[in-house]
Amino acid sequence: QHHYVVTDPIPAFVERGYYIDVAFECATCRKREVWRAAQQRWWYEVAKGNVESRAKLCNACRRAERERRAEARRIHLDGLAKKRARTRAR
């Protein structure tokens, strides 16, 4: 019987001891972007983002996605309010 110890790899910025700018391609529009060291510091240290997460959307696509989610939530909540109003009217 084999017993294996699974250890998560240490993120590169932890091993290095500092952040560096990281180039990436936006998953939506394929634009080349740079995830700046200061942005990474904010994400990991202030926002407490998952250390395994990486930037995947450019600023414009991230903003559009936030707006899309906000609109979907608004529509959902409007639907719930209408459903409640119909239920109370009975």
Self-check item: Phe24 vs Val34 side-chain heavy atoms within contact, under 4.5 Å
Solution: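 Of all side-chain heavy-atom pairs linking Val34 with Phe24, none is under 4.5 Å.
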Quiz item: Is any side-chain heavy atom of Val22 closer than 4.5 Å to a side-chain heavy atom of Arg54?
Solution: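 No, side chains not in contact.
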Tell me, please, which residues at least two apart from [X] pass side-chain contact (heavy atoms from CB on, under 4.5 Å).
| X | result |
| --- | --- |
| Glu71 | Arg74, Ile75 |
| Ala64 | none |
| Ala47 | Trp42, Trp43 |

Practice problem: For residues 17-32, pull every pair meeting salt bridge (charged side-chain N to carboxylate O under 4.0 Å, His left out), keeping only residues two or more places apart or in separate chains. | Solution: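 As it turns out, the salt bridge (charged side-chain N to carboxylate O under 4.0 Å, His left out) pairs with a partner in residues 17-32, which skip direct neighbours, are Asp21-Arg36, Glu25-Arg30, Lys31-Glu33.
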Quiz item: Can you name the closest pair of heavy atoms from Cys26 and Cys61 and give their distance?
Solution: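 Reported closest heavy-atom pair: SG-SG, 3.7 Å.
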Quiz prompt | Closest heavy-atom pair and its distance - Gln40, Ile20 | solution =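 In this case the closest contact between Gln40 and Ile20 is NE2-O, 2.7 Å.
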Exercise. Give the C-alpha distance, both sets of side-chain angles, the deciding distance and a yes or no for salt bridge (charged side-chain N to carboxylate O under 4.0 Å, His left out) between Arg63 and Glu67.
Key: CA-CA 6 Å; Arg63 190 175 333 105; Glu67 290 169 4; 5.3 Å; no
Practice problem: Working to the nearest 0.5 Å, report the span between NZ of Lys83 and CZ of Arg88. | Solution: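 Here the interatomic distance stands at 13.0 Å.
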Quiz item: How long is the span from the NZ atom in Lys56 to the OG1 atom in Thr28, to the nearest 0.5 Å?
Solution: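 It comes to 7.5 Å.
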Quiz item: In chain order, what residues pass the salt bridge (Lys or Arg N to Asp or Glu O under 4.0 Å) check against Glu45, with sequence neighbours excluded?
Solution: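 If we apply the salt bridge (Lys or Arg N to Asp or Glu O under 4.0 Å) test to Glu45, skipping adjacent residues, the hits are Arg41.
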Quiz prompt | Arg16, CZ atom: more than 12 neighbouring heavy atoms under 6.0 Å | solution =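 Buried by this count: over 12 neighbours within 6.0 Å.
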Quiz item: Aromatic ring centroids of Trp35 and Phe13 under 6.0 Å?
Solution: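 Aromatic pair excluded; centres sit 6.0 Å or further apart.
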Quiz prompt | Side-chain ion pair, Glu65 and Arg68, N-O less than 4.0 Å | solution =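 Yes, Glu65 and Arg68 are salt-bridged.
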Quiz item: How is the hydrophobic cluster of Leu57 composed, in terms of its other members, when Ile, Leu, Val, Met, Phe, Trp and Tyr link through side-chain heavy atoms under 4.5 Å apart, directly or indirectly?
Solution: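 Once heavy-atom contacts under 4.5 Å are chained together, Leu57 still belongs with nothing else.
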Quiz prompt | N/O donor-acceptor pair under 3.5 Å between Tyr44 side chain and Ser53 backbone | solution =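 At least one qualifying donor-acceptor pair exists.
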